[in-house]
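Take a look at the structure set out below.
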Amino acid sequence: MSTQIPYATLILRWYDRHQRILPWRAKTGTIPNPYYVLLSEIMLQQTQVATVIPYFNKFIENFPTLNDLAEASLEKVMAMWTGLGYYSRARNLHRCAQEVAKQSGEIPKDYQALKALPGIGDYTAAAILSIGYNQPYVAVDGNVERVTARLFAIQEPLPMIKPTLAALAKTLNEGREAQERAGDFAQALFDIGATICKPKNPSCLICPLSEVCKASLEKIADILPIRQRKAEKPTKYGISLFIENDKNQILLRKRPEKGVLAGTLELPSSIWSEQYISIEQAIKETGCLGQYQEIGEIKHVFTHFTLKVKLFKLVSDLKLTQVAQDNMWIHSDELNHYPCSTLMKKMIAYSTKI
DNA sequence: TGTCCACGTCT
DNA sequence: AAGACGTGGAC
């Protein structure tokens with residue numbers, strides 16, 4: 001007969017011996033500073049602890065209280081955020097401080113009120129309530145997701161399984177101990193995720209949960225959580241024609257007002273399709289009759305697809321058919337006066353060098 | 001040296 | 001409601 005020690009007990013026992021010392025963290029037995037918690041949690045969004053530490057210290061030196069932050073200029077706040085990335089966090093943080101200062105001056109103790117503040121979403125609201133106010137919320141971030149997926153050996157892929165993982169994570173603090181030590185419990189989960197249950201090479205041998213962790217027992221911890229391989233972006237193919245006259249002007253035309261690179265200038269080009277078409281067909285499509293020589297291939301990555309374009313250069317006289325009526329001749333130096341995509345600049349620069 | 005990617009919030 | 005945000009770390 002075996003009795004199962006609750007997860008929360010194992011986690012808290014470990015935390016009492018192995019917790020990290022962090023500048024925003026309250027010393028054991030002391031009341032946390034909710035402003036420190038809020039500031040650190042905003043900084044920790046998408047950013048690692050080691051990166052955040054010097055920024056947090058600098059902010060606390062300059063803005064010891066939330067009121068100081070609210071009264072500071074946005075410029076100063078932005079300047080101090082420099083290098084930390086995701087700058088909308090800094091703008092939102094500043095607005096958040098101002099809203100709190102304007103209201104009660106106290107950071108809300110209520111989930112909905114917190115979420116209504118700029119820059120605070122599900123995760124951060126739960127983190128502030130648990131760590132800052134010792135309320136039994138489970139803040140589910142990527143670390144907690146990973147710990148949960150391993151603890152229960154969840155093999156379905158993210159992001160599909162995200163809601164299930166969040167629901168499971170929220171069962172971890174059941175029991176009197178974790179309810180009473182909500183802040184410690186939340187931070188304990190983060191510490192385990194960061195120092196033991198790492199994304200790669202998890203240290204199951206020294207993990208307080210190893211004997212109850214399904215993934216560890218099945219020796220599959222290192223492959224969890226499984227992520228959906230994001231759909232490969234399709235590749236499209238096109239042919240573009242580089243045509244220069246004796247005044248060093250380049251033949252360009254305007255793309256349609258809708259769709260990719262709407263309304264920008266382009267080299268006369270075939271439609272981008274699933275595979276390369278022949279140069280003869282591209283000539284017919286564009287209406288730019290003549291002899292061409294292939295000069296290279298340009299690769300360009302859009303959000304939704306990768307584009308490969310074969311570049312051809314005109315090596316004979318040009319004869320335009322009616323299809324080509326809208327074409328215009330532009331000198332490459334004048335190009336800046338027209339809307340022209342990076343892709344086209346790339347292609348023109350390449351062609352000009354040849 | 002570049003390329004890929006993290007996974008919280010906002011729009 | 002998919003995509004943008006921006007840095008640093010992994011390969």
Side-chain angles (χ1 to χ4, degrees), chain A residues 37-56 58-59 77-97 99 108 111-132 137-150 154 156-170 186 189-190 193-195 197-202 222-235 259-262 298-308 342 346:
Chain A
V37 177
L38 184 147
L39 179 60
S40 63
E41 286 302 335
I42 300 285
M43 289 179 164
L44 287 164
Q45 293 166 3
Q46 319 286 299
T47 311
Q48 298 188 348
V49 165
T51 309
V52 164
I53 288 174
Y55 284 88
F56 176 84
K58 189 165 67 167
F59 265 70
V77 174
M78 294 304 292
M80 287 184 44
W81 197 273
T82 301
L84 204 48
Y86 283 101
Y87 296 93
S88 63
R89 290 185 297 172
R91 271 184 286 275
N92 286 334
L93 170 67
H94 188 240
R95 280 177 51 216
C96 173
E99 281 190 29
Y111 187 81
Q112 291 307 328
L114 278 170
K115 267 202 71 173
L117 292 168
I120 298 182
D122 282 322
Y123 163 79
T124 309
I128 292 171
L129 289 174
S130 57
I131 303 173
Y137 283 81
V138 180
V140 184
D141 70 350
N143 294 298
V144 176
E145 245 172 25
R146 184 174 60 253
V147 172
T148 307
R150 288 173 174 167
I154 304 298
E156 290 82 6
L158 283 167
M160 185 198 84
I161 204 66
K162 209 179 179 72
T164 306
L165 288 177
L168 280 172
K170 284 170 186 168
L189 272 186
F190 296 157
T195 65
C197 201
K198 298 166 290 185
K200 288 182 185 164
N201 305 319
D222 56 338
I223 62 160
L224 296 181
I226 292 170
R227 290 176 193 284
Q228 181 100 351
R229 219 181 101 229
K230 63 177 75 158
E232 201 173 326
K233 20 176 111 170
T235 302
V260 183
L261 306 178
I298 296 284
K299 183 180 159 189
H300 189 77
V301 182
F302 289 105
T303 319
H304 295 95
F305 62 95
T306 301
L307 177 68
K308 290 185 175 176
T342 311
K346 205 195 287 183

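No experiment lies behind these values; they were computed from the predicted model shown. Chain letters run A, B, ... following the sequence lines, proteins first, then strands; residues in each count from 1.
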Starting at [atom1] of [X] and ending at [atom2] of [N], how long is that distance when rounded to a whole Å?
{"X": "Ile120(A)", "N": "dC10(B)", "atom1": "CD1", "atom2": "P", "answer": "8 Å"}
{"X": "Arg95(A)", "N": "dT9(B)", "atom1": "CZ", "atom2": "P", "answer": "15 Å"}
{"X": "Leu165(A)", "N": "dC7(B)", "atom1": "CG", "atom2": "C1'", "answer": "13 Å"}
{"X": "Asn201(A)", "N": "dC11(C)", "atom1": "CG", "atom2": "C1'", "answer": "14 Å"}
{"X": "Gln46(A)", "N": "dC10(B)", "atom1": "CD", "atom2": "C1'", "answer": "12 Å"}
{"X": "Leu158(A)", "N": "dC7(B)", "atom1": "CG", "atom2": "P", "answer": "9 Å"}
{"X": "Leu114(A)", "N": "dT9(B)", "atom1": "CG", "atom2": "P", "answer": "11 Å"}
{"X": "Leu93(A)", "N": "dT9(B)", "atom1": "CG", "atom2": "P", "answer": "13 Å"}

Just N and O in the side chain of [X]: are any of them under 4.0 Å from OP1 or OP2 of [N]?
{"X": "Thr124(A)", "N": "dT9(B)", "answer": "yes"}
{"X": "Lys200(A)", "N": "dC11(C)", "answer": "yes"}
{"X": "Tyr87(A)", "N": "dT7(C)", "answer": "yes"}
{"X": "Arg89(A)", "N": "dG6(C)", "answer": "no"}

Base dG6(C) to side chain Tyr86(A), donor-acceptor N/O within 3.5 Å cut-off: yes
Nucleic acid contacts of residues 140-148 of chain A, taken as heavy-atom distances under 4.0 Å to DNA chain C: none
Residue-level proximity of residues 77-85 of chain A to DNA chain C when a heavy atom falls under 4.0 Å: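 Correct list: Gly83(A), Gly85(A).
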Residue pair Ala139(A) / Ala127(A): nearest heavy atoms and the distance that separates them: CB-N, 3.6 Å
Shortest non-hydrogen contact from Tyr111(A) toward Ala125(A):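 Distance-wise, the nearest heavy atoms are CE1-CB, 3.7 Å.
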Closest to side chain of Arg227(A), choosing from dC7(B), dT9(B), dG8(C):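 Within the option list, the nearest is dC7(B).
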Per Gln48(A) side chain, nearest of listed nucleotides dC7(B), dG8(B), dG9(C):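 Shortest atom-to-atom distance from the side chain points to dG9(C).
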Whole-angstrom distance between dC7(B) and dC11(C), as gauged at atom P: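 That atom pair is separated by 14 Å.
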Lys198(A), NZ atom: more than 12 neighbouring heavy atoms under 6.0 Å: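 Atom NZ in Lys198(A) is crowded, with more than 12 foreign heavy atoms closer than 6.0 Å.
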Side-chain donor or acceptor of Thr148(A) paired with backbone N/O of Val144(A) under 3.5 Å: yes
Main-chain N/O of Ile42(A) paired with Arg89(A) side-chain donor or acceptor, under 3.5 Å: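 Side chain of Arg89(A) to backbone of Ile42(A), a donor-acceptor pair under 3.5 Å: yes, one is there.
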Salt bridge Asp222(A)-Lys200(A), side-chain N to carboxylate O under 4.0 Å: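 So Asp222(A) does not pair with Lys200(A) through a salt bridge.
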Between CD on residue Glu99(A) and CG on residue Asn92(A), distance to nearest 0.5 Å: 9.5 Å
Sugar-phosphate, base or nothing in reach of Pro118(A), heavy atoms under 4.0 Å: sugar-phosphate
Proximity of Tyr86(A) and Trp81(A) rings by center, below 6.0 Å: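 No; Trp81(A) has its ring centre 6.0 Å or more from that of Tyr86(A).
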Any Pro157(A) side-chain heavy atom under 4.5 Å of Arg227(A) side chain: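 A side-chain contact is absent here, since even the closest heavy-atom pair is not under 4.5 Å.
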Side-chain heavy atoms of Arg150(A) within contact of Pro202(A), under 4.5 Å: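 Sidechains of Pro202(A) and Arg150(A): in contact.
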Identity of whatever pairs with dC7(B) - Watson-Crick or G-U, under 3.5 angstrom: none
